[in-house]
Enquirer: 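Take a look at this one; I'll ask things after.
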Amino acid sequence: MEKINPSIQNNPVPEQTEPCAVSYESESADDESTVTGPAAAFYEFKISEDGTFGIRLDKYLSDQLPDLTRSRLQRLIKDGAVLINGASAKVSTKLSAGDKIFLTMPEPEEFSAKPENIPLDILYEDDDLLIVNKPKGMVVHPAAGHYTGTLVNAVLYHCQGSLSGINGVLRPGIVHRIDRDTTGSLIICKNDKAHQCIADQLKVHSITRKYRAIVHGRLTEDGVIHTTIGRHPQNRKEMAVNVPNGKDAVTHYHILETFDKFTYIECQLETGRTHQIRVHMKSIGHPILGDSVYGPAKCPFPGLEGQTLHAMTIGFLHPTTGKYMEFNAPLPEYFEQLLKKLRG
């Protein structure tokens with residue numbers, strides 16, 4: 001086993017600035033760390049003579065609306081929310097040149113997240129912010145199939161309703177996210193001023209974000225992965241590199257330790273796309289250990305659930321003082337035990 005001492009340089013501490021001013025412009029959709037508002041309720045498409053005709057209706061809509069799953073679109077078609085030339089259609093309807101498609105999205109059901117007395121691992125707290133160390137298996141905010149037990153439910157109880165409201169009743173205080181099985185540091189905003197300030201820093205990629213991961217294979221040198229990332233053209237639940245309409249994504253990785261069949265690394269993000277580190281490491285042939293979506297079907301460590309990915313370091317300018325602050329979330333126990341096994 002070869003051990004390499006960490007040498008990655010810390011980000012230079014940004015110059016102190018004036019406290020962030022509140023701006024109520026909508027957040028950027030360029031960074032997947034920010035949460036955008038609901039999609040439009042009405043869509044209209046026209047089939048041209050470019051060879052698109054002959055495709056199934058559900059397939060066509062899935063290609064045009066990548067943020068909606070194909071099963072969701074099929075349900076909308078069956079419920080009569082999709083019309084072709086003013087008439088109801090079937091999922092399997094084949095499109096013809098000149099067809100006009102109308103899709104009406106139903107009004108979302110009213111739902112508010114409820115406070116739940118769930119323990120939080122708090123790294124820092126003041127009147128503006130809460131920095132938490134999210135555990136493995138916890139969903140950040142309520143969504144289909146996960147309306148309880150989320151981080152939002154926990155912070156609603158802890159903060160007694162004192163959270164930013166920019167992202168609505170399902171995502172109060174949430175300005176960026178990490179996957180359910182990714183652990184580590186997250187910023188929770190207690191008011192709209194703090195939320196807008198952190199969102200602005202995410203937009204310009206000035207927040208320090210360093211992750212720890214164990215990947216398959218032996219990396220031999222540090223590197224930078226620079227691609228675009230977008231929705232996978234065949235599997236809409238996955239992301240992929242260098243696909244049409246992908247967004248710019250940059251990940252720096254640094255070797256911490258090498259083992260026989262694995263490498264322990266630190267990743268630093270310039271951008272924050274959905275599944276960025278997971279997709280990038282897969283793209284160079286070194287998927288993250290335990291990643292059931294982007295890695296091997298069979299995990300070499302029985303009982304390991306989800307990717308070995310930990311958001312260790314988060315650094316930003318405080319929304320009120322303007323001073324740079326940085327916090328580190330310790331590695332979770334399961335991660336430490338894996339490293340011990342690998343060290344033999």
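All of these numbers come straight from a predicted model, not from anything done at the bench.
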Enquirer: Tell me, please, which residues at least two apart from Y264 pass side chain to side chain donor-acceptor pair (under 3.5 Å).
Expert: R212
Enquirer: With sequence neighbours excluded, tell me which residues meet salt bridge (Lys or Arg N to Asp or Glu O under 4.0 Å) with D79.
Expert: R75
Enquirer: Under the salt bridge (Lys or Arg N to Asp or Glu O under 4.0 Å) rule, collect the residues that match up with K190, sequence neighbours excluded.
Expert: E125
Enquirer: Whether the H252 and D222 side chains hold a donor-acceptor pair (N or O, under 3.5 Å, no angle test) is what I'd like checked.
Expert: no
Enquirer: Kindly write out the residues that satisfy ring pair (Phe, Tyr, Trp, His ring centres under 6.0 Å) with Y124, not counting sequence neighbours, or none if the list is empty.
Expert: F327
Enquirer: Would you kindly say whether D58 and Q74 are connected by a side-chain donor-acceptor distance under 3.5 Å?
Expert: yes
Enquirer: Working to the nearest 0.5 angstrom, can you tell me the gap between M138 CE and I178 CD1?
Expert: 10.5 Å
Enquirer: K59: what forms a side chain to side chain contact (heavy atoms under 4.5 Å, CB included) with it, not counting sequence neighbours?
Expert: I55, R56, D63, R70
Enquirer: Could you name each residue pair satisfying side chain to side chain donor-acceptor pair (under 3.5 Å) that touches residues 288-305, not counting sequence neighbours?
Expert: H275-Y294, R278-D291
Enquirer: Is R343 salt-bridged to E257, cutoff N-O under 4.0 Å?
Expert: yes
Enquirer: Strictly by modelled atom types, are Q196 and D200 linked by a side-chain donor-acceptor pair under 3.5 Å?
Expert: yes
Enquirer: Applying the side-chain contact (heavy atoms from CB on, under 4.5 Å) criterion to I187, which one of I314, I174, D128, V132 satisfies it?
Expert: I314
Enquirer: If only side-chain N and O atoms count, and only distance matters, is there a donor-acceptor pair under 3.5 Å linking Y324 with E326?
Expert: yes
Enquirer: Between F45 and Q64, is any pair of side-chain heavy atoms under 4.5 Å apart?
Expert: yes
Enquirer: So do I118 and Y157 actually touch side chain to side chain, heavy atoms under 4.5 Å?
Expert: no
Enquirer: Can you confirm whether the side chains of H141 and T150 place a donor and an acceptor under 3.5 Å from each other?
Expert: no
Enquirer: Applying side chain to side chain donor-acceptor pair (under 3.5 Å), name anything that partners E221, two or more places apart in sequence or on another chain.
Expert: none
Enquirer: Can you check whether I284 reaches M281 side chain to side chain, under 4.5 Å on heavy atoms?
Expert: yes
Enquirer: Nearest 0.5 Å, what's the CG-CG distance between L103 and L83?
Expert: 9.0 Å
Enquirer: If the condition is side chain to side chain donor-acceptor pair (under 3.5 Å), which residues does H280 pass it with, not counting sequence neighbours?
Expert: T227, T251
Enquirer: Between the side chains of H158 and N117, does any donor sit under 3.5 Å from an acceptor?
Expert: no
Enquirer: Using ring pair (Phe, Tyr, Trp, His ring centres under 6.0 Å) as the criterion, list what pairs up with H216, not counting sequence neighbours.
Expert: F262
Enquirer: Each residue besides V224 in its hydrophobic cluster should be listed here, by chain and number; the cluster joins Ile, Leu, Val, Met, Phe, Trp and Tyr at side-chain heavy-atom distances under 4.5 Å.
Expert: V250
Enquirer: Quick one: are F102 and V82 in side-chain contact, heavy atoms under 4.5 Å?
Expert: no
Enquirer: Once salt bridge (Lys or Arg N to Asp or Glu O under 4.0 Å) is applied, do any residues pair with R180, and if so which ones, sequence neighbours excluded?
Expert: none
Enquirer: Hey, are D192 and S164 close enough side-chain-wise for a donor-acceptor pair under 3.5 Å?
Expert: no
Enquirer: Quick one: side chain to side chain donor-acceptor pair (under 3.5 Å) partners of H232, sequence neighbours excluded?
Expert: none
